[in-house]
2 protein chains.
Amino acid sequence: MTLTESLSLTSNHKQDKILQGAMQVFFRDGYAGTSMDRVAIEAGVSKQTIYSHFHDKESLFKALIEQITIARFHTLFESEELRGEPEQLLRQLAEVYLLKVGEDREYLSLLKIIIAESSRFPEMAKLYYQTVIQRGRYLLSQYFDSHPELGIKDSEATAHIFFGSLVSFVVVQEIIHGKEIMPLPSQNLVDSLIHLIHRNK
Amino acid sequence: MTLTESLSLTSNHKQDKILQGAMQVFFRDGYAGTSMDRVAIEAGVSKQTIYSHFHDKESLFKALIEQITIARFHTLFESEELRGEPEQLLRQLAEVYLLKVGEDREYLSLLKIIIAESSRFPEMAKLYYQTVIQRGRYLLSQYFDSHPELGIKDSEATAHIFFGSLVSFVVVQEIIHGKEIMPLPSQNLVDSLIHLIHRNK
DNA sequence: GTCTATACCGAGATAGAC
DNA sequence: GTCTATCTCGGTATAGAC
């Protein structure tokens, strides 16, 4: 669920417009590079309207990041455990991630700003870690544990390798502009990843 | 080689002081969050001295990132190909990376700011990609190709998995503050990585 | 709550003495 | 080349009318 979808479920119209505008500007220009004037223009409200909803720039930023993180990933908390045959499930998991996330500018921008502002806003980084990374890794490690035929010794570490490879691929290709220099086909990564984990088939 | 070490080999004293100060401030506060006044204070020179060496803030930033990237990683260009028995060499490669990089604030800050400023300075991201990522991946893929007994189908993709797992681990632990919430022992990652790649021993 | 107008400060960049 | 002093603009945040 994107922020827009999440907001349209609520009723506070002006506050939603502010958060929408704030997302555009913060994600484009970073925290320090964002001015409240631009947020006001982007959101289509006056600057004072922002300050009547949020105490200051910092509060606005924190509220925005929290809302996006939770809106997009609270489903992870409620998701069932993973099921299905390993080769097929792992392949689908990797492909969906690379396709969906690699083209999702909102997700990529969130990831980028979490890293960029991890010193100024360590709580935001920790929230992201607990809501997305830790939970995702745990779900996959549970799956590995329930499939001993894969011969995986350390399911948590292997789950990190799985997601870490995917995330770093997307970061390199889409954020560090690797794609524009020498695109590495994502299918090759998926095949090699499945091959490594599912070797003894 | 750190920036300090690299600078001490040259002779231009004031310019070195400026770059040293700029590194401290840019790495701490990001590009937009950095003021030229603070750089001047940190470097121990006046602001006008900075402007006599660098045309503007952007030029200073680009010069700094280029210098660090090239100073630290030009050795990669000249390095021999990797040699040694797979299990031992891969383990050593992973352990050295995790130990050296994980505790190297200058490297971590560089990685962070490359990602953070990848939209504003795509050329810097591309330089990093070509100087560090592409070259590192190529060296390891060469090694894989020279060891067919490992049974690796796609050496480039597997090299990405190897380094991608290590980099994402360091990013999550050290930058996203994962270490402070639930430290995942790096030895577990190394063992699982070697285990996956070197299964058919 | 929402707007226009404004206070006040710190930003990047420059002038001019030495 | 290097410094101190300064210009000008855009930043966050607030005052006060409606």
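Heavy atoms only: backbone and side chains are in, while hydrogens, waters and symmetry mates are out. Naming: A, B, ... by sequence-line order, numbering from 1 per chain.
Ring pair B/Tyr107/B/Tyr128 is tilted by interplanar angle, where 30° to 60° counts as tilted.
If you take CZ of A/Phe61 and P of D/dG11, they are 18 Å apart, rounded to a whole angstrom. Atom NE2 in B/His53 sits roughly 7 Å away from atom C1' in D/dG1 (whole-Å rounding). In this structure, A/Ile18 atom CD1 and C/dG1 atom P are separated by 10 Å, rounded to whole Å. With rounding to whole Å, A/Asp56 atom CG is found 11 Å from D/dT12 atom P. Going from atom CZ of A/Phe54 over to atom P of D/dA13 covers 14 Å, rounded to whole Å.
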From CA spacing to verdict: side-chain contact (heavy atoms from CB on, under 4.5 Å), A/Leu111, B/Ile115: CA-CA 10 Å; A/Leu111 180 58; B/Ile115 293 173; over 6 Å; no

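The side chain of B/Lys57 sits closest to C/dA13 out of D/dT12, D/dT2, C/dA13.
Listed for the A/Thr158 side chain is no donor-acceptor partner under 3.5 Å among the backbone atoms of A/Ser155.
Dashed line: the shortest gap from a side-chain N or O of B/Thr49 to OP1 or OP2 of D/dT2 is not under 4.0 Å. Listed pair B/Lys14 / D/dG1 fails the phosphate criterion, with no side-chain N or O lying under 4.0 Å from OP1 or OP2.
For A/Glu117, the side-chain hydrogen bond (donor to acceptor under 3.5 Å, both in side chains) partners at least two apart in sequence or on another chain are A/Arg120. Partners of A/Ser46 by side-chain hydrogen bond (donor to acceptor under 3.5 Å, both in side chains), not counting sequence neighbours, listed by chain and number: A/Thr49. The side-chain hydrogen bond (donor to acceptor under 3.5 Å, both in side chains) search around B/Thr131 returns none, not counting sequence neighbours.
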At a cut-off of 3.5 Å, list every protein nitrogen or oxygen paired with a nitrogen or oxygen from nucleotides 14-18 of chain D, distance to 0.1 Å.
| unit_1 | atom_1 | unit_2 | atom_2 | d |
| --- | --- | --- | --- | --- |
| D/dT14 | O4 | A/Gln48 | OE1 | 3.3 |

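Within the structure, side-chain hydrogen bond (donor to acceptor under 3.5 Å, both in side chains) pairs that include any residue of residues 30-41 of chain A comprise A/Asp37-A/Lys47 (at least two apart or interchain).
We find that B/Arg72 and B/Asp104 are joined by a salt bridge, their nearest charged nitrogen and carboxylate oxygen being less than 4.0 Å apart.
Near-neighbour residues of DNA chain C inside residues 25-45 of chain B, defined by a heavy atom below 4.0 Å, number-ordered: B/Thr34, B/Ser35, B/Met36.
The distance between the ring centers of A/His160 and B/Phe169 falls below 6.0 angstrom.
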